[in-house]
Amino acid sequence: QVQLVESGGGLVQAGGSLTLSCAASGRAFSVYCMAWFRQAPGKEREFVAAITRSGGSTTYADSVKGRFTIFRDNAKNTVYLRMNSLNPEDTAVYYCAARPGLALYTNERDFNSWGQGTQVTVSS
């Protein structure tokens, strides 16, 4: 497994932007499909975005499509989530997840490594 540490969360006003980072250590980062999930208070954890191990393909939840961008730097063992046009409904703990393989995974049951999460709060 790989160890994941998220950072970059915080408090932002509606309409603002944040970029989350997830630094990986352990096994070779480039073998992993990486994803972001989030969990709002009182709700189940949900998929946000995923990227293949090469970075060549990405996919997004409909709720964030066009506003969020996932990208990775395999030389830095880091995956990022750029979040624009934030709204209060984006308030949640954001988790980074990893799963080795070629495919683009979106189901949280597919991921076997998770970070501790970083809080994002969007004020209206």
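Since the structure is predicted, the reported quantities are computational estimates derived from the model, not experimental observations. Numbers here simply count residues along the sequence, with the first being 1.
Taking CD of Glu44 as the start and CZ of Arg38 as the end, the distance is 14.0 Å to the nearest 0.5 Å. The distance from the OG atom of Ser30 to the CZ atom of Arg72 is 7.5 Å, given to the nearest 0.5 Å. Taken to the nearest 0.5 Å, the CG atom of Asn77 stands 11.5 Å off from the CD atom of Gln3. Within the model, atoms OG of Ser63 and CD of Glu89 stand 10.0 Å from one another, a figure rounded to the nearest 0.5 Å.
For the pair Glu6 (side chain) and Gly117 (backbone), a donor-acceptor distance under 3.5 Å is present. Here the side chain of Arg99 pairs no donor or acceptor atom with the backbone of Glu108 at under 3.5 angstrom. Of the possible polar contacts, none joining the Gln39 side chain to the Val93 backbone as a donor-acceptor pair under 3.5 Å is found. Judged purely by atom type and a 3.5 angstrom limit, Thr91 uses its side chain to pair as donor or acceptor with the backbone of Val122. Using modelled atom types, one side-chain atom of Gln1 and one backbone atom of Asn112 make a donor-acceptor pair closer than 3.5 Å. At least one donor-acceptor pair under 3.5 Å links the side chain of Thr78 to the backbone N or O of Lys76.
Tested against Val120 for a side-chain contact (heavy atoms from CB on, under 4.5 Å), the candidates Asp90, Leu20, Leu11 yield a single pass: Leu20.
In this structure, the side chains of Leu102 and Thr52 stay at 4.5 Å or more apart for every pair of heavy atoms. Taking the side chain as every heavy atom from C-beta outward, Leu4 and Tyr95 never approach each other to under 4.5 Å. Side-chain contact between Phe37 and Glu46 is absent, with no heavy atoms from C-beta onward closer than 4.5 Å. Counting only heavy atoms from C-beta outward, the side chains of Gln13 and Ser123 approach each other to under 4.5 Å. The shortest distance between side-chain heavy atoms of Ile51 and Ser57 does not fall below 4.5 Å. Side-chain contact between Val79 and Trp36 is present, with at least one heavy-atom pair separated by less than 4.5 Å.
Nearest heavy atoms, Ala103 versus Cys33: O-CB, 3.6 Å. For Leu86 against Arg67, the heavy-atom pair with the smallest separation is CA-NH1, 3.9 Å. Scanning both residues, Tyr32 and Pro100, for their nearest heavy atoms gives CD2-N, 3.4 Å. Here the closest heavy-atom approach between residue Cys22 and residue Met34 is recorded as SG-CE, 4.3 Å.
In the hydrophobic clustering of ILVMFWY residues, with side-chain heavy atoms under 4.5 Å counting as a link, Phe111 and Val2 come out apart. Under a hydrophobic-cluster definition in which Ile, Leu, Val, Met, Phe, Trp and Tyr are linked whenever side-chain heavy atoms come within less than 4.5 Å, directly or via other members, Ile70 and Val5 are assigned to different clusters. When hydrophobic clusters are built by joining Ile, Leu, Val, Met, Phe, Trp and Tyr residues whose side-chain heavy atoms come closer than 4.5 Å, directly or via intermediates, Tyr94 is not grouped with Tyr80. When hydrophobic clusters are built by joining Ile, Leu, Val, Met, Phe, Trp and Tyr residues whose side-chain heavy atoms come closer than 4.5 Å, directly or via intermediates, Val64 is grouped together with Val12. Residues Trp114 and Tyr105 are members of one and the same hydrophobic cluster, defined by side-chain heavy-atom contacts under 4.5 angstrom among Ile, Leu, Val, Met, Phe, Trp and Tyr.
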> Passes side chain to side chain contact (heavy atoms under 4.5 Å, CB included), Thr69 versus Leu81? Steps please.
Replying inline: CA-CA 6 Å; Thr69 302; Leu81 185 69; over 6 Å; no
>> If you apply the rule side chain to side chain contact (heavy atoms under 4.5 Å, CB included), what do you find for Tyr60 with Phe47, and how did you get there?
In response: CA-CA 8 Å; Tyr60 298 89; Phe47 169 77; 5.6 Å; no
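Heavy-atom neighbours of Lys65 NZ from other residues, nucleotides or ligands within 6.0 Å: above the threshold of 12.
Of the N and O atoms on the side chains of Ser17 and Asn84, at least one donor lies less than 3.5 Å from an acceptor on the other residue.
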